[in-house]
Amino acid sequence: QVQLVESGGGSVQAGGSLRLSCAASGYIYRNYRGVCMGWFRQAPGKEREGVTIISSNGVTTYADSVKGRFTISKDNNKKTLNLQMNSLKPEDTATYYCAAGLLNCALVPGSVGYWGQGTQVTVSS
């Protein structure tokens, strides 16, 4: 069984920062070093979109909308995935999902093998 549990969401004013974390258990926990993981988000009325991914060898990919503001990191010892979000904008408001087991490690929702339950991020202007 795979479980991904996100934490760290909340409300912040534009220009502020938040840090999301994702704790893995089960299959992902046992094979953590070899798994591609990432963050996706979904705003109300919009499709789920890729935010950032990190491959098993540490290569990162970011959506253009978050480049230079968001940073993904993976702690293979603690088995946690983190997302540091700086200079937040109202358009970053969404439910953020931790994802693991991405086919071909692509920033595409359809490639995701496992999802977390999501954590809400709200940025006010």
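- Taking CD1 of Ile53 as the start and OG1 of Thr61 as the end, the distance is 4.0 Å to the nearest 0.5 Å.
- Across all their heavy atoms, Gly50 and Ala63 have their closest contact at O-CB, 3.5 Å.
- A donor-acceptor pair shorter than 3.5 Å can be found between the side chains of Gln84 and Asn86.
- Closest heavy-atom contact between Leu81 and Cys98: CD2-SG, 4.0 Å.
- Nearest heavy atoms, Tyr97 versus Gln117: CE2-O, 3.6 Å.
- We find that Lys67 and Asp64 are joined by a salt bridge, their nearest charged nitrogen and carboxylate oxygen being less than 4.0 Å apart.
- Considering every non-hydrogen atom in both Ala23 and Thr80, the closest pair reads CA-CG2, 4.4 Å.
- For the atom pair CG (Asn76) and OG (Ser56), the distance works out to 9.5 Å, reported to the nearest 0.5 Å.
- Cluster annotation: Val35 and Ile54 are assigned to the same hydrophobic cluster (Ile/Leu/Val/Met/Phe/Trp/Tyr, side-chain heavy-atom contacts under 4.5 Å, transitive).
- For the pair Ser21 (side chain) and Asn82 (backbone), a donor-acceptor distance under 3.5 Å is absent.
- One distance of note links OG of Ser65 with CD of Glu91; it measures 8.5 Å at 0.5 Å rounding.
- Hydrophobic clustering (side-chain heavy atoms under 4.5 Å, transitive across Ile, Leu, Val, Met, Phe, Trp, Tyr) keeps Leu20 apart from Leu107.
- To the nearest 0.5 Å, atom CG of residue Leu18 and atom OG of residue Ser11 are 8.5 Å apart.
- Judged by distance alone, with hydrogens and angles left aside, the side-chain atoms of Glu6 form no donor-acceptor pair with the main-chain N or O of Cys22 at under 3.5 Å.
- Taking OH of Tyr114 as the start and CG of Leu102 as the end, the distance is 11.5 Å to the nearest 0.5 Å.
- When hydrophobic clusters are built by joining Ile, Leu, Val, Met, Phe, Trp and Tyr residues whose side-chain heavy atoms come closer than 4.5 Å, directly or via intermediates, Val51 is not grouped with Val108.
- Residue Pro109 comes nearest to Phe40 through the heavy atom pair N-CE2, 3.5 Å, listed as atom of the first residue, atom of the second, then distance.
- Interatomic distance, Arg41 CZ to Thr95 OG1, rounded to the nearest 0.5 Å: 11.5 Å.
- The shortest non-hydrogen separation linking Arg69 to Leu88 is NH1-CA, 3.8 Å.
- A continuous path of ILVMFWY side-chain contacts below 4.5 Å connects Val66 to Val121, so both sit in one hydrophobic cluster.
- Both Val12 and Phe70 are assigned to one and the same hydrophobic cluster, defined by single-linkage of ILVMFWY side chains at heavy-atom distances under 4.5 Å.
- Put simply, the side chain of Ser111 gets close to the backbone of Ala106: a donor and an acceptor are under 3.5 Å apart.
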Exercise for review: Take Met85 and Trp39 through the side chain to side chain contact (heavy atoms under 4.5 Å, CB included) test and state the conclusion after the steps.
Suggested key: CA-CA 12 Å; Met85 304 185 294; Trp39 292 93; over 6 Å; no
